[in-house]
Amino acid sequence: YVYQRPMWIIRPGFRYDDITYDGDFIGGKHTLRNHALMLRTELSPNQDTTVVTAFSYDKYNIPDEYFFNYQASISYRLAYDTLLRVGVEKATRSSFFLNSFLDLKFTLPNNPAQRSDFTGNKDAPLMSATTYEIGLRHEFSFYNWLDIEIFHTVLSDQSEFIRMTPYIDGSQTVTPSSYLPTPTKSIQQGITIDWHYEGIDWHLNTFMTLQDTDVTDQYSSLIEPISFFDTHNEGTPKFYGGLNANWQPIGRWNLNGNI
């Protein structure tokens with residue numbers, strides 16, 4: 001439902017997800033549920049300022065907790081051709097069947113004396129991402145504009161399958177692995193530059209992102225006892241960019257390409 005006033009738009013909502021899966025590797029039939037109350041508002045106190053807020057209050061059955069996700073942004077027109085925006089948002093990853101319910105006992109075919117057990121964790125925290133961003137858009141003309149955005153993202157509440165100390169079960173040596181929380185936290189920051197040109201027959205877009213990622217309490221291995229250290233992450237690219245082009249020479253014909 002949308003409630004609209006001259007300066008204010010309010011849109012509440014409700015979400016219900018009910019997913020059931022039956023599999024031997026998760027110990028039979030299990031269900032994941034997510035109920036959420038949602039609200040999005042857009043306020044324009046004057047012709048130069050817009051404030052957008054969005055909230056989602058989620059209730060999961062696995063883990064049995066409430067989570068608050070949000071987004072807030074403010075855009076302000078510095079001049080008729082220049083727009084400044086600032087935003088912050090937080091999102092929580094939903095539950096997953098393997099992480100929550102995995103119940104698997106695997107005996108090595110070529111060595112029956114060795115068994116590996118994998119167990120999920122219904123109480124593991126859900127990973128969340130919090131992002132802060134500031135951006136600027138400048139229009140050189142109606143068909144030609146440039147976006148620049150600086151961002152800072154923190155990824156926290158991470159969990160991993162950790163291999164624990166083996167033990168003896170009858171004639172087998174069992175190596176258990178359980179899904180457990182870790183203190184690992186990833187911090188990514190960078191800048192994105194995005195240029196667009198839209199003509200009658202041509203649409204060009206070139207973009208690039210420069211970023212840097214640091215990890216606190218990174219693990220050297222997922223075997224107990226685990227040691228942690230801080231590191232500069234090389235797994236994410238420092239530079240990413242490309243060019244998209246579309247040409248419409250006649251009627252319904254489009255030629256496009258990207259690099």
Side-chain angles (χ1 to χ4, degrees), residues 1-3 9-42 52-73 87-107 115-133 153-165 167 169 174-188 215-219 221-224 226 228:
Y1 180 78
V2 177
Y3 179 74
I9 299 174
I10 303 174
R11 187 176 65 187
F14 173 73
R15 181 176 65 246
Y16 178 88
D17 295 324
D18 190 322
I19 305 171
T20 300
Y21 192 83
D22 190 352
D24 293 337
F25 60 95
I26 59 173
K29 182 182 291 187
H30 292 284
T31 299
L32 292 177
R33 293 188 179 90
N34 169 220
H35 307 162
L37 296 174
M38 301 177 294
L39 179 68
R40 185 184 188 277
T41 69
E42 183 174 331
V52 177
T53 57
F55 308 96
S56 176
Y57 191 56
D58 294 73
K59 171 61 171 68
Y60 292 98
N61 68 325
I62 304 294
D64 187 12
E65 296 181 27
Y66 292 88
F67 295 88
F68 183 64
N69 301 304
Y70 59 85
Q71 180 184 32
S73 66
V88 58
E89 53 263 354
K90 179 181 180 181
T92 303
R93 187 177 69 176
S94 61
S95 302
F96 186 54
F97 280 98
L98 285 179
N99 298 345
S100 302
F101 304 114
L102 184 62
D103 184 12
L104 181 63
K105 293 178 172 58
F106 178 73
T107 299
R115 193 182 86 207
S116 295
D117 290 359
F118 299 90
T119 307
N121 184 358
K122 299 178 183 179
D123 298 319
L126 300 181
M127 185 168 61
S128 64
T130 304
T131 299
Y132 307 90
E133 57 186 342
T153 299
V154 179
L155 200 66
S156 56
D157 295 319
Q158 301 185 45
S159 300
E160 297 287 352
F161 279 97
I162 297 175
R163 195 166 76 185
M164 296 177 289
T165 305
Y167 64 92
D169 181 17
V174 179
T175 302
S177 296
S178 295
Y179 191 67
L180 300 173
T182 69
T184 308
K185 188 175 292 186
S186 306
I187 300 121
Q188 184 184 57
V215 181
T216 62
D217 291 319
Q218 176 66 287
Y219 40 80
S221 74
L222 292 175
I223 303 174
E224 284 191 333
I226 300 177
F228 297 96

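Atoms considered below: every heavy atom in the structure, side chains included; atoms not considered: hydrogens, waters and symmetry mates.
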- Item | Whether H30 and F101 hold their rings parallel, tilted or perpendicular, with breakpoints at 30° and 60° | parallel

- Message: Is the distance from the ring center of Y57 to that of Y66 below 6.0 Å?
- Response: yes

- Pair F67 and Y60, ring centroids less than 6.0 Å apart: yes

Less than 4.5 Å apart, any side-chain heavy atom of [X] and any of [Y]?
X	Y	answer
V2	I9	yes
L180	E160	no
L98	F25	yes
S186	Q158	yes
K185	V154	yes
R11	M38	no

Spacing of [atom1] belonging to [X] relative to [atom2] belonging to [Y], to within rounding of 0.5 Å:
X	Y	atom1	atom2	answer
I162	E224	CD1	CD	6.5 Å
L32	D17	CG	CG	10.0 Å
T131	Q188	OG1	CD	8.5 Å
I226	M164	CD1	CE	10.0 Å
T175	D117	OG1	CG	8.5 Å
D103	I26	CG	CD1	9.5 Å

Give a yes or no on whether [X] atom [atom1] has more than 12 heavy-atom contacts from other residues, nucleotides or ligands under 6.0 Å away.
X	atom1	value
K59	NZ	yes
R15	CZ	yes
D18	CG	yes
Y3	OH	no

- Show the numbers, then the answer: is there a side chain to side chain contact (heavy atoms under 4.5 Å, CB included) between S178 and R163? CA-CA 7 Å; S178 295; R163 195 166 76 185; over 6 Å; no

- With Y179, the ring pair (Phe, Tyr, Trp, His ring centres under 6.0 Å) member among F118, F161, F96: F161

Whether the [X] and [Y] side chains hold a donor-acceptor pair (N or O, under 3.5 Å, no angle test) is what I'd like checked.
X	Y	result
S128	S156	yes
T20	T31	yes
D169	Y167	no

- Could you go through the side chain to side chain contact (heavy atoms under 4.5 Å, CB included) check for I10 and L39 one step at a time? CA-CA 7 Å; I10 303 174; L39 179 68; 3.7 Å; yes

- Item | ring-ring contact (aromatic ring centres under 6.0 Å, His included) involving F228 - partner list, sequence neighbours excluded | none

- Task: Take F97 and I19, measure what side chain to side chain contact (heavy atoms under 4.5 Å, CB included) needs, and give me the verdict at the end.
- Result: CA-CA 10 Å; F97 280 98; I19 305 171; 3.8 Å; yes

Keeping the roles fixed (side chain from [X], backbone from [Y]), state whether a donor-acceptor pair exists under 3.5 Å.
X	Y	value
T184	D217	yes
N61	R33	yes
D58	A36	no

- Taking the six-membered ring of Y70, is NZ or CZ of K90 closer than 6.0 Å to its centre and within 45° of its axis? no

- Could you walk me through whether R93 and N99 pass side chain to side chain contact (heavy atoms under 4.5 Å, CB included), step by step? CA-CA 12 Å; R93 187 177 69 176; N99 298 345; 3.7 Å; yes

- Task: Over all heavy atoms of both residues, which pair between P63 and A124 is shortest? Give the atoms and the distance, please.
- Result: CG-O, 3.9 Å

